[in-house]
Protein chains: 2
Amino acid sequence: MPRARINNRIRRLRFDHDEMTQEELAGRAGCTRQTIIALEQGKYVPSIELAFKIARAFGVTLEEVFQYEE
Amino acid sequence: MPRARINNRIRRLRFDHDEMTQEELAGRAGCTRQTIIALEQGKYVPSIELAFKIARAFGVTLEEVFQYEE
DNA sequence: ACTAAATGTCAAGTACTTATTACATTTATT
DNA sequence: AATAAATGTAATAAGTACTTGACATTTAGT
């Protein structure tokens with residue numbers, strides 16, 4: 001598959017949610033802390049399922065967290 | 001990662017788009033025909049990137065194509 | 001009925017996502 | 001300065017997404 005051009009606003013959303021910790025987010029999203037770290041660092045793009053869970057953890061839509069860069 | 005609870009409306013969207021063929025959709029989304037077939041059959045869930053491309057091929061949002069069930 | 005287009009199946013292989021475990025570093029707090 | 005909390009790093013391993021290629025079946029048009 002093509003070069004991933006997906007970026008995310010996880011770091012920003014954590015900030016906006018009273019500086020929610022990575023561990024707290026991981027817990028809510030049902031993944032590990034390391035996964036959150038890697039996502040924030042842009043090391044990879046999550047599966048759709050995890051993306052939906054992260055969005056839900058912040059109470060926003062998937063597209064408010066992840067964007068396809070042209 | 002958890003059991004994928006993502007379903008899609010690709011078949012329906014193709015129908016609504018004047019019965020766009022799987023090959024035509026694959027071309028627009030930049031994937032193979034076999035991938036479209038497998039997705040319609042629910043054999044797996046696409047990457048976010050492919051999901052965005054498919055949505056774009058139909059001119060709708062990602063969430064209009066893919067839904068997280070419960 | 002023929003033919004072509006569309007859809008489906010199968011198998012092998014590559015690349016990526018994510019968990020796990022364990023340790024290191026940075027940033028508060030007191 | 002000491003401790004604890006938060007963040008970062010790294011390596012292994014398992015499972016999944018997707019391509020490629022080749023062949024089979026179904027559907028539609030003439």
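Note that the structure is predicted; figures quoted are calculated from it, not measured. Below, chains carry the letters A, B, ... as their sequence lines are ordered, and counting in each starts from 1.
- For C/dT9, the OP1/OP2 oxygens have a side-chain nitrogen or oxygen of B/Q41 closer than 4.0 Å.
- When the side-chain nitrogen and oxygen atoms of A/S47 are compared with OP1 and OP2 of D/dT16, none of them lie within a distance under 4.0 Å.
- Ion pairing of B/E40 with B/R9 is absent here, as no side-chain N (NZ or NE/NH1/NH2) approaches a carboxylate O to less than 4.0 Å.
- Taking each heavy atom of B/L62 and A/F52 in turn, the nearest pair found is CD2-CZ, 4.4 Å.
- Residues A/R14 and B/A51 both approach DNA chain D. Their nearest nucleotides, taken by heavy-atom distance, put A/R14 toward the 5′ side.
- Atom CG of A/L39 and atom P of D/dT9 are 14 Å apart (whole Å).
- Considering only side-chain atoms of A/Q22, the nucleotide from C/dT17, D/dC18, D/dG8 that sits closest is D/dG8.
- Note: CD1 (A/I48) to C1' (D/dT16) measures 13 Å, nearest angstrom.
- Using a 4.0 Å heavy-atom distance criterion, B/T35 is classed as a base contact.
- The separation between A/I10 atom CD1 and D/dT7 atom C1' is 15 Å, rounded to whole Å.
- Summarising the geometry, the separation between CD on B/E23 and C1' on C/dA6 is reported as 8 Å, rounded to the nearest angstrom.
- Rounded to whole Å, the distance from OH on B/Y44 to P on C/dT17 is 15 Å.
- Contact annotation for A/Q34: base contact, defined as any heavy-atom pair under 4.0 Å involving a base atom.
- Computed from coordinates, the A/K53 NZ to C/dT17 C1' distance equals 14 Å when rounded to whole Å.
- Among the protein residues, A/R11 comes within range of no part of the nucleic acid, since none of its heavy atoms lies under 4.0 Å from any strand.
- Atom CZ in A/R33 sits about 12 Å away from atom C1' in C/dT20, given to the nearest Å.
- Contact annotation: B/T32 side-chain N/O to D/dT19 OP1/OP2 distance is under 4.0 Å.
- Within 6.0 Å of atom CD in B/E23, 12 or fewer heavy atoms from other residues, nucleotides or ligands are found, so the atom counts as exposed in its surroundings.
- One interatomic measurement links the two molecules: CD1 of B/I36 to P of C/dG8, which rounds to 12 Å at whole-angstrom precision.
- Between C/dT17, C/dT7, D/dA17, one nucleotide has an atom nearer to the side chain of B/I37 than all others, and that is C/dT7.
- The residue A/T21 sits close only to the backbone: its heavy atoms come under 4.0 Å of sugar-phosphate atoms, none of a base.
- With hydrogens and angles ignored, the 3.5 Å screen pairs no side-chain donor or acceptor of A/E24 with any backbone N or O of A/T21.
- Looking at B/R14, its side chain does come within 3.5 Å of a backbone N or O of B/M20 through a donor-acceptor pair.
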